[in-house]
Amino acid sequence: MAVEGGMKCVKFLLYVLLLAFCACAVGLIAVGVGAQLVLSQTIIQGATPGSLLPVVIIAVGVFLFLVAFVGCCGACKENYCLMITFAIFLSLIMLVEVAAAIAGYVFRDKVMSEFNNNFRQQMENYPKNNHTASILDRMQTDFKCCGAANYTDWEKIPSMSKNRVPDSCCVNVTVGCGINFTEKQIHKEGCVEKIGVWLRKNVLVVAAAALGIAFVEVLGIVFACCLVKSIRSGYEVM
């Protein structure tokens with residue numbers, strides 16, 4: 001039995017929200033992949049809270065897309081079981097998102113500590129590993145920084161000659177510019193703090209987007225429950 005009256009409007013709005021869910025799902029997958037690429041380029045290694053977060057984001061995005069598909073099928077066929085499944089799974093996604101947000105807040109300092117330790121560890125591998133050198137050079141060039149805390153960190157690397165920093169530390173990068181440098185020729189600030197500031201700014205953007213997604217999900221749950229109630233009433237009448 002087809003829904004009637006105001007439920008037709010609810011059903012239409014639910015379709016709109018389902019399209020929004022699909023867009024959010026694609027956005028989450030893109031953010032997760034992007035975060036994974038950033039972490040792979042910032043040498044945070046191992047199964048740490050920071051490295052697992054992109055995997056969780058991608059998984060939530062894929063699951064949200066599948067849930068949106070279930071919701072679309074349930075709304076189209078006005079199927080009671082599918083709509084119940086949709087509402088339950090959407091509620092579970094919200095719980096996972098809340099848990100991920102709490103974990104991100106709790107482990108924010110730990111992630112930066114891991115990044116600092118890994119950065120210093122990979123500095124020691126700089127002269128011996130071309131891949132590591134390429135990553136560090138790109139970071140120092142992009143963020144206009146040098147070393148972990150500051151440029152003097154490079155003096156502590158045994159395999160680096162004295163009075164030398166990587167050329168990527170230079171204000172104007174040229175071959176050999178990091179040899180016998182002067183302070184005016186290089187970026188003196190450390191990379192860990194600069195990248196930390198950049199991450200904190202972007203976290204605010206991500207948090208605002210997450211609040212928007214959560215609001216849409218709440219509306220989806222409410223509309224789904226209204227449609228479920230209407231479908232159930234139709235069954236009882238029959």
Side-chain angles (χ1 to χ4, degrees), residues 1-40 47-108 111 202-238:
M1 180 177 179
V3 293
E4 298 178 354
M7 283 300 105
K8 287 185 177 180
C9 181
V10 170
K11 185 176 178 180
F12 173 77
L13 290 175
L14 185 58
Y15 280 130
V16 174
L17 289 176
L18 288 169
L19 288 176
F21 290 150
C22 290
C24 290
V26 172
L28 285 172
I29 294 171
V31 169
V33 172
Q36 184 62 43
L37 291 175
V38 169
L39 288 179
S40 67
T48 63
S51 63
L52 292 177
L53 186 58
V55 178
V56 174
I57 294 174
I58 294 172
V60 169
V62 172
F63 190 53
L64 180 59
F65 188 87
L66 294 175
V67 169
F69 179 76
V70 170
C72 186
C73 292
C76 182
K77 296 183 178 181
E78 296 180 9
N79 185 285
Y80 179 81
C81 292
L82 287 178
M83 292 309 303
I84 285 288
T85 302
F86 169 73
I88 291 174
F89 281 170
L90 195 57
S91 300
L92 290 176
I93 289 175
M94 282 196 62
L95 292 176
V96 171
E97 289 173 347
V98 170
I102 294 173
Y105 179 80
V106 171
F107 291 113
R108 67 191 188 283
V111 171
N202 283 274
V203 163
L204 293 176
V205 176
V206 173
L211 286 175
I213 294 174
F215 178 73
V216 173
E217 288 171 345
V218 169
L219 289 179
I221 294 171
V222 171
F223 289 159
C225 290
C226 291
L227 192 56
V228 165
K229 184 177 180 181
S230 177
I231 294 171
R232 183 175 182 181
S233 299
Y235 288 156
E236 292 175 350
V237 170
M238 292 177 65

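These numbers come from a predicted model, not from an experiment.
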query = Rounded to the nearest 0.5 Å, how far does CZ of Phe86 lie from SG of Cys73?
reply = 11.5 Å
task = Find the distance between CG (Leu64) and CG (Leu90) and round it off to the nearest 0.5 Å.
result = 7.0 Å
Closest non-hydrogen atom pair, [X] against [Y]:
X     : Y      : answer
Ala20 : Val216 : CB-CG1, 4.2 Å
Ala68 : Cys22  : CB-SG, 3.9 Å
Leu14 : Gly220 : CD1-O, 4.0 Å

task = Apply side-chain contact (heavy atoms from CB on, under 4.5 Å) to Cys225 and list each qualifying residue two or more places apart in sequence or on a separate chain.
result = Ile221
Answer whether the closest heavy-atom distance between the side chains of [X] and [Y] falls below 4.5 Å.
X      : Y      : result
Phe223 : Leu227 : no
Phe21  : Val67  : no
Tyr15  : Cys76  : yes

task = Inspect the surroundings of CZ in Phe69 and state if more than 12 heavy atoms from other residues, nucleotides or ligands are less than 6.0 Å away.
result = no
inquiry  = Taking atom CZ as the centre, does Phe65 end up with more than 12 heavy-atom neighbours from other residues, nucleotides or ligands that are less than 6.0 angstrom away?
reply    = no
inquiry  = Determine whether a donor-acceptor pair (N or O, by modelled atom type, separation under 3.5 Å) exists between the side chain of Lys11 and the backbone of Ala75.
reply    = yes
task = Step by step, work out the side-chain contact (heavy atoms from CB on, under 4.5 Å) result for Phe89 and Val70.
result = CA-CA 10 Å; Phe89 281 170; Val70 170; 5.7 Å; no
